[in-house]
Amino acid sequence: MTPEQIPLLIGFIVMSLGSVAIFLHGDKRREFRHHTQFHSLVPFIAATAYLAMTLGTGVIEIGGTTIYFPRYLDWSVTTPILLTGLILTGLHEHPRHSTYILPAIVLDVIMVATGLVAALTEDPTQKLIWFAWSCAAFAGVLYILWKPVRDIGENLGGAMENVYRGNLVFLTVVWLVYPVAFAIGPEWLGILSGTASLWLILVLDVTAKVVYGFVATARFKALPDGTPEQTRRYG
């Protein structure tokens, strides 16, 4: 087994176990069980990507840099799921405001896709342009989460707002490290070696998918029965 395969195999094992553990740990009440399903599905998808990368599927070398296509496919699916769960929480499951979900997901997918383009591009100027555009899309996602969705949540108030605020801060902090990891990794500046970059991304992925899943579902389990319905009725 190569040094590069070790973090990938660990990622597959941790994500697989994390998916099962989150499902068993998560809230099964009707009003919150979809969040348990979201958070258990995310590491399962990530486990699939890590398995593919461990086996070398979708892994290519361009200009001396190894590109892991399953990683970007993973992010293009799992981050929209995480966003959907987070925004539903911020909106207190209120269907009237659910239109914020689509633009956030579109910007998120553009962010991941342009990040991949930046990784594939060998020209330094074009790489900088695509990286900047990816960051611009990321900024749009953060704006939706921190401004309109948060404003609605604060207006509705109650326990769901506390859950949203805690989950929002957690996910934002972790997600902000990803562009830094890209910039210092072999895809751009090359400050980190390929193996070191794999370990860093593994820590970020486990934190954003498994640890966050446990924290988020634990916060839902602390909510009283019928919280979203009460918000729609009286909010």
Holding to side chain to side chain donor-acceptor pair (under 3.5 Å), I want the full list of residues that pass it with T217, two or more places apart in sequence or in another chain.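 Applying side chain to side chain donor-acceptor pair (under 3.5 Å) to T217 gives H25.
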Using the side chain to side chain donor-acceptor pair (under 3.5 Å) criterion, which residues pair with T172? Sequence neighbours excluded. W146
Is there a side-chain contact (heavy atoms from CB on, under 4.5 Å) between L202 and Y50 once you walk through the steps? CA-CA 9 Å; L202 171 62; Y50 271 95; 4.0 Å; yes
Got [X] and [Y] here, is their nearest side-chain heavy-atom distance under 4.5 Å?
| X | Y | answer |
| --- | --- | --- |
| I144 | P103 | yes |
| F12 | T48 | no |
| N167 | V163 | yes |
| F32 | T36 | no |
| R165 | M160 | no |
| L9 | M1 | yes |
| P124 | W188 | no |

Taking the six-membered ring where the residue is Trp, are the ring centres of Y164 and H92 under 6.0 Å apart?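 For Y164 and H92, the ring centres are not under 6.0 Å apart.
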Tell me, with the steps shown, if F69 and L120 meet side-chain contact (heavy atoms from CB on, under 4.5 Å). CA-CA 10 Å; F69 278 98; L120 292 171; 3.9 Å; yes
Side-chain donor or acceptor of [X] paired with backbone N/O of [Y] under 3.5 Å:
| X | Y | result |
| --- | --- | --- |
| S197 | S193 | no |
| Q5 | T54 | yes |
| R29 | F220 | yes |
| S19 | M15 | no |
| K147 | L145 | no |

For [X] and [Y], work out which heavy atoms get closest and say how close.
| X | Y | value |
| --- | --- | --- |
| K127 | E187 | NZ-O, 2.9 Å |
| D123 | T125 | OD2-N, 3.1 Å |
| F131 | A183 | CZ-CB, 4.4 Å |
| P3 | T195 | O-CG2, 3.9 Å |
| S134 | M111 | OG-O, 2.7 Å |
| G213 | I22 | CA-CD1, 3.9 Å |

Evaluate whether atom CZ of F170 has more than 12 neighbouring non-hydrogen atoms of other residues, nucleotides or ligands under 6.0 angstrom away. yes
Just jot down the salt bridge (Lys or Arg N to Asp or Glu O under 4.0 Å) partners of R150, sequence neighbours excluded, or say none.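 So R150 forms a salt bridge (Lys or Arg N to Asp or Glu O under 4.0 Å) with E154.
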Report the residues that fulfil salt bridge (Lys or Arg N to Asp or Glu O under 4.0 Å) with E4, sequence neighbours left out, ordered by chain and then residue number.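 By the salt bridge (Lys or Arg N to Asp or Glu O under 4.0 Å) rule, E4 matches no residue at all.
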Ring of F44, cation from K209 - is the NZ or CZ under 6.0 Å from the centre and inside 45° of the axis?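 No, K209 does not lie over the aromatic ring of F44.
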Co-members of W130 in a cluster of I, L, V, M, F, W and Y side chains, linked at under 4.5 Å: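 Besides W130, the hydrophobic cluster comprises L102, V106, I110, V117, W133, listed by chain and residue number.
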Is there a path of hydrophobic side-chain contacts, each under 4.5 Å between heavy atoms of I, L, V, M, F, W or Y residues, that connects [X] with [Y]?
| X | Y | result |
| --- | --- | --- |
| V180 | L198 | no |
| V177 | L189 | yes |
| V215 | L171 | yes |
| L41 | V20 | no |
| I81 | V112 | yes |

Pair listing, side chain to side chain donor-acceptor pair (under 3.5 Å) test, anchored in residues 72-84, at least two apart: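 Applying side chain to side chain donor-acceptor pair (under 3.5 Å) to every pair that reaches into residues 72-84, excluding sequence neighbours, yields D74-T78, W75-D205, T79-D108.
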Given R33 and D27, is the side-chain contact (heavy atoms from CB on, under 4.5 Å) satisfied, shown in steps? CA-CA 6 Å; R33 65 189 175 199; D27 201 330; over 6 Å; no
Going through the checks in order, is the side-chain contact (heavy atoms from CB on, under 4.5 Å) test met by I101 and L83? CA-CA 8 Å; I101 294 175; L83 275 175; over 6 Å; no
